[in-house]
Every structure is written in C-alpha cells, then in structure tokens.
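In this text, all values refer to a predicted model and were calculated from it rather than measured experimentally.
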Amino acid sequence: MPERAHTQQALNRAMLEAVDFVHAEGWDRPPTLFGLVPSELLADQVADVEEDPLALVVQDNLPETIRPGSDELLDYLGRIAWPQEVIGVVLAQEIVFRDAAAPGPEGDTYQARLYSGVLRSGAELTLLQRRPTEAELEEKGAFAADEIELRGGPNVAPGVLKLLRASLDQSPEDW
C-alpha cells in the first residue's frame with residue numbers, strides 16, 4: 001500500500017470529505033462511522049486515486065438507538081474490530097459543548113459536530129463544527145446553514161481518539 005495513504009495529509013483530506021458527507025445530511029442525525037481504506041482498493045469507485053489516497057466507507061450498520069456521546073456509543077466503539085485493509089476510522093457525532101473561553105462562570109454552550117479520526121500509522125485529528133444559532137441563521141440569510149467553519153486543536157476528545165485507535169488495534173480474528 002502506498003505510504004501516502006498513511007500520512008497526516010491523507011487523514012486531513014479524508015476528514016474534510018467526511019465533513020462534507022455528514023453536513024449534506026443535515027443536523028439532528030445519529031453518529032456516523034467511516035472506515036478508511038486505501039483508495040487503490042476501490043479504484044473503480046474513486047474519481048482520483050492520486051488526489052484522494054483514502055476512501056471513506058460509511059458503516060451503515062450502526063444501531064439507530066445509539067446516541068452521540070452515550071455509554072452505548074462508547075460500548076459499541078469498544079467492541080469494533082477492523083480488518084487490516086481498514087487503515088483508519090472517522091467518527092462524526094453531534095455534541096453539546098461549553099466554551100470555557102466565554103465570559104461567565106459556566107461559559108456559553110453550543111451544539112456542534114465532533115469529527116474524530118485516526119490512522120494505524122499514528123496520525124490523528126479532531127475537528128469541531130459549531131451549529132449556527134437561530135439568530136445567526138436569521139442574520140446571515142438563507143445560505144448561512146451551508147457555511148462550514150471548523151476548529152481543531154490538541155487534546156480535543158482524547159477519549160474518543162483512544163477508543164477509535166483501540167478499535168484499529170483489535171483483530172476480527174480475536175473474537
């Protein structure tokens with residue numbers, strides 16, 4: 001498998017593709033899980049294997065009763081074992097977060113999407129997409145909901161990243 005599929009840059013591109021996919025589905029959705037495979041394995045389905053070294057494979061078998069951030073989601077992620085062809089995984093889930101930088105003792109709370117991704121090579125990335133408020137939608141007009149602003153940084157959702165990485169370390173043969 002080409003080394004470029006195992007890089008941070010490849011994960012970054014795959015994460016942006018996951019953002020576009022999930023954003024197109026709209027808000028108030030259950031978690032979405034993607035396996036990441038080298039595009040060359042799906043060359044007949046990927047438009048440009050050279051441009052996109054990783055292909056997203058949506059996992060449609062996630063139980064609909066699983067809610068974002070729930071114990072059920074954590075349990076589900078803890079029981080996943082990916083085949084070796086899957087070299088990474090991305091989880092998208094809607095959350096409520098508190099902005100500790102906002103004024104006041106409790107900060108402001110926001111609805112958002114949390115995108116967490118890891119590769120077997122060690123690359124990882126977490127992005128946050130804040131949901132626009134009703135006031136922001138009214139102020140910016142009809143297309144405000146189409147705007148995507150992503151934030152990221154170190155130490156965002158380390159527990160989620162650890163679970164995703166553990167799912168890559170388990171082997172289906174271990175079951």
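- Listed by chain and residue number, Arg165 satisfy the side chain to side chain donor-acceptor pair (under 3.5 Å) test with Glu124 (two or more places apart in sequence, or in another chain).
- In terms of heavy atoms, Gly69 sits closest to Gln93 at N-OE1, 2.8 Å.
- Here the closest heavy-atom approach between residue Val37 and residue Glu85 is recorded as CG1-O, 3.5 Å.
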Stepwise, does the side-chain contact (heavy atoms from CB on, under 4.5 Å) test hold for Leu54 with Leu119? CA-CA 10 Å; Leu54 290 173; Leu119 295 181; 3.8 Å; yes

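- By the criterion of side-chain heavy atoms lying less than 4.5 angstrom apart, applied directly or through intervening Ile, Leu, Val, Met, Phe, Trp or Tyr residues, Leu73 is not grouped with Val96; the two fall into different hydrophobic clusters.
- Contact detail for Leu161 and Ser116: the closest heavy-atom pair is CD2-CB, 4.0 Å.
- The side chain to side chain donor-acceptor pair (under 3.5 Å) with Gln129 is formed by just one residue from the set Arg151, Glu149, His23, Gln111; it is His23.
- In terms of modelled atom types and a separation under 3.5 Å, the side chain of Glu94 and the main chain of Arg29 share a donor-acceptor contact.
- Of all heavy-atom pairs between Ser39 and Ala55, the closest is OG-N, 3.4 Å.
- The two atoms that bring Leu164 and Gly117 nearest to each other are CD1-N, 4.4 Å, heavy atoms only.
- A donor-acceptor distance shorter than 3.5 angstrom exists from the side chain of Thr126 to the backbone of Val156, with no hydrogens or angles considered.
- Considering only residues two or more places apart in sequence or on other chains, Asp60 meets the side chain to side chain donor-acceptor pair (under 3.5 Å) condition with none of them.
- When every heavy atom of Leu168 is checked against every heavy atom of Val86, the shortest pair comes out as CD2-O, 4.0 Å.
- Residues satisfying the side chain to side chain donor-acceptor pair (under 3.5 Å) test with Gln59, not counting sequence neighbours, are none.
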